Q: 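Below you will find the structure I want to go over with you.
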Protein chains: 2
Amino acid sequence: MAELTGVQKQYILHWGEMGTRWGINRTVAQIHALLYLSPRALPAEEIAETLSVARSNVSTSIRELETWGIVRAVHVLGDRREHYESMKDVWEMFRLVVEQRKRREIDPTREMLRKSLEELDPKEAGADFTRERIAAMAGFFDAVTELHDQMKQLPTGTVRKLLRMGTKMRKKAG
Amino acid sequence: MAELTGVQKQYILHWGEMGTRWGINRTVAQIHALLYLSPRALPAEEIAETLSVARSNVSTSIRELETWGIVRAVHVLGDRREHYESMKDVWEMFRLVVEQRKRREIDPTREMLRKSLEELDPKEAGADFTRERIAAMAGFFDAVTELHDQMKQLPTGTVRKLLRMGTKMRKKAG
DNA sequence: CCGACCATTCAGTATAGACAGAAATTATAG
DNA sequence: CTATAATTTCTGTCTATACTGAATGGTCGG
C-alpha cells in the first residue's frame with residue numbers, strides 16, 4: 001500500500017471530496033478510503049506518507065474514525081505501533097455513521113424545536129403562524145426519527161423488499 | 001418580520017449551524033429558515049437587513065435556494081421588487097433537496113466506481129482485493145439509488161407504514 | 001429615451017476550519 | 001529506572017470558502 005495505483009488514487013481523492021460536501025473533514029475521509037482499500041492494517045506513519053499529510057493530522061483523523069466505530073486499532077506481532085484497519089461491511093459502516101449523525105444533529109434539532117414550541121409566547125404577533133411552522137418541522141423530524149428507529153431493527157435487504165411491495169401496491173391502486 | 005422574536009432567532013441560528021454541518025452555506029440555510037417562518041414573501045433588502053448580511057450575499061443565496069426549487073420569487077402588486085417565499089410542505093422540501101444531492105453527489109460517485117472497476121488492471125498487485133472492495137461499495141450505492149427511486153414513487157406516509165409492517169414481521173419471526 | 005430602482009456579478013477581504021510542526025505525554029523495552 | 005519509540009495535544013500558519021462593497025447590467029415608469 002506504499003505506492004497507490006491510479007484507481008486507488010482516484011477512489012481516495014473522490015472520497016475526500018465527497019466528505020467535504022457532507023461536512024466530513026477531507027483528510028478523515030481520505031484516510032478512511034485508504035484503509036478501506038488496504039488489505040492490511042496500516043500504522044499512522046505509513047498513512048501519513050501515503051497521503052502526504054502530517055502524522056498529527058493522521059492521529060486526529062484516526063481518532064474521529066474510531067469515535068464513529070468504523071476504524072479500529074489492531075496490533076501486529078513484533079511491532080509496537082498501532083495499526084489501523086477499516087470495517088469491511090459497507091452497510092454497517094453507513095449505518096454507524098447515520099446513527100451517530102442522527103444523535104449529534106437530528107436529536108438536538110428535535111430538542112430545539114420542542115423547546116421553541118414551549119417557549120413560544122402566544123401573545124406575540126404571529127405566534128400562531130410560527131407555532132404551526134415549527135410544529136410541522138418538528139413533525140418531520142419526529143417521523144425521520146421513527147423511520148430511523150424502525151430501520152435499525154430490520155436486517156439488510158428487508159427495507160428494499162418492503163419498498164418493492166409498496167411500489168407494487170401503488171401500481172395496482174393506479 | 002422586520003424584528004425577530006427570540007424563538008425565531010433561535011430557529012434561524014440553529015438552522016444555519018445545521019446547514020454548515022451538512023455542507024450547506026450558513027447564509028443559505030439561514031435565509032431559508034427566515035423565509036420558512038415568514039408569513040409573507042420578503043424582498044431581498046428586508047432579508048439582508050433582518051439577518052445583517054449584504055444584499056449581494058442574499059442574491060446569491062436566494063439563487064441557490066431557487067435552484068433547489070424550495071424558494072421562489074413572487075410579485076406583489078404595486079412593488080417592482082421580487083419577493084421571495086419558501087415552500088411550505090416540509091416533506092416535499094426535503095425530498096427535493098435529497099433528489100438534487102443524489103444527482104450531484106451519489107450519481108457521480110457511482111460513475112466513478114463503475115469506471116474504477118473498468119479501469120482496474122488485473123495484472124496489478126492486489127487487483128482482486130481492490131476490485132472486491134470497490135464492487136462492494138458500488139453495490140451499496142446501487143442499492144441506495146434503487147431505494148431512492150422506489151421511495152420517490154410512494155406517497156408520504158406509506159414508507160413508514162411499510163416499515164412498521166416489516167418490524168411486525170420481524171417480531172413474529174423472532 | 002432618460003432616470004430611478006433592483007438585481008446580479010465580480011474582485012478583493014475576512015474568517016472558519018484544516019493542517020503542519022513542535023512540544024508534551026504516554027507507553028515499552030531493556 | 002532510563003532511554004527510546006509512538007502517540008497525542010497544542011499553537012501558529014495556511015487555504016478554501018464565505019462574504020462584502022462597488023461596479024455592472026437590466027427593467028420599468030415617466
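Basis for what follows: all heavy atoms, side chains included, without hydrogens, waters or symmetry-related copies. Everything numeric here is computed off the predicted structure, so don't read it as measured data. First the proteins, then the strands, lettered A, B, ... as listed; each starts at 1.
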Q: Which of these passes side chain to side chain contact (heavy atoms under 4.5 Å, CB included) with A:S116: A:R114, A:M112, A:E119?
A: A:M112

Q: OG1/A:T130 to CG/B:L37 distance, rounded to the nearest 0.5 angstrom?
A: 6.0 Å

Q: Between C:dA20 and A:R55, is there an OP1 or OP2 to side-chain N/O distance shorter than 4.0 Å?
A: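 For C:dA20, OP1/OP2 do not have a side-chain N/O of A:R55 under 4.0 Å.
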
Q: Whole Å only: how far is the CD atom of B:E46 from the P atom of C:dC5?
A: 18 Å

Q: Assuming nearest nucleotide by heavy-atom distance, tell me which of A:R81 and B:V28 is located more 5' along DNA chain D.
A: A:R81

Q: For residues B:N57 and B:T27, report the shortest heavy-atom separation together with the two atoms involved.
A: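 It is ND2-OG1, 3.5 Å.
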
Q: In whole Å, I'd like the distance from the CD atom of B:E45 to the C1' atom of D:dT20.
A: 15 Å

Q: May I have the distance from B:L42 (atom CG) to C:dA7 (atom C1'), rounded to whole angstrom?
A: 16 Å

Q: Which listed nucleotide (C:dC10, D:dT7, C:dG17) is nearest to the side chain of B:R26?
A: C:dG17

Q: Which residues, if any, of residues 59-66 of chain B bring a heavy atom under 4.0 Å of DNA chain C?
A: B:S59, B:R63

Q: Pick out the pairs of N or O atoms, protein on one side and nucleotides 23-30 of chain D on the other, that lie under 3.5 Å.
A:
from: D:dT27; atom 1: O2; to: B:R80; atom 2: NH2; distance (Å): 3.1

Q: Whole-Å distance between D:dT13 P and A:N57 CG?
A: 18 Å

Q: Are A:E99 and A:K102 ion-paired here, with the side-chain N under 4.0 Å from a carboxylate O?
A: no

Q: Return the minimal non-hydrogen interatomic distance between B:W91 and A:A143, and the atom names on each side.
A: CZ2-CB, 3.5 Å

Q: If you count heavy atoms of other groups shown closer than 6.0 angstrom to CG of B:D128, is the number above 12?
A: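 No, because the 6.0 Å sphere around CG of B:D128 holds 12 heavy atoms or fewer from other groups.
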
Q: With DNA chain D as reference, determine whether B:A54 or A:A44 sits nearer its 5' end, using the nearest nucleotide of each.
A: A:A44

Q: Between B:E46 and B:R81, is there a side-chain N and carboxylate O pair less than 4.0 Å apart?
A: no

Q: Looking at A:E92 and A:R95, is any side-chain nitrogen of the basic one under 4.0 Å from a carboxylate oxygen of the acidic one?
A: yes

Q: Which of residues 14-25 of chain B sit near DNA chain D, with a heavy atom under 4.0 Å from it?
A: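 Only B:N25 qualify.
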
Q: Give, for atom CH2 of B:W22 and atom CD of B:E17, the distance between the pair rounded to the nearest 0.5 Å.
A: 15.0 Å

Q: When you measure from the centre of the six-membered ring of A:Y84, is the NZ or CZ of A:R72 under 6.0 Å away and within 45° of the axis?
A: no

Q: Does A:E82 reach a base, just sugar-phosphate, or nothing at all? Heavy atoms under 4.0 Å.
A: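 Here A:E82 touches the backbone only, sparing every base.
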
Q: Any carboxylate oxygen within less than 4.0 angstrom of a Lys/Arg side-chain nitrogen, looking at B:R101 and B:E105?
A: yes

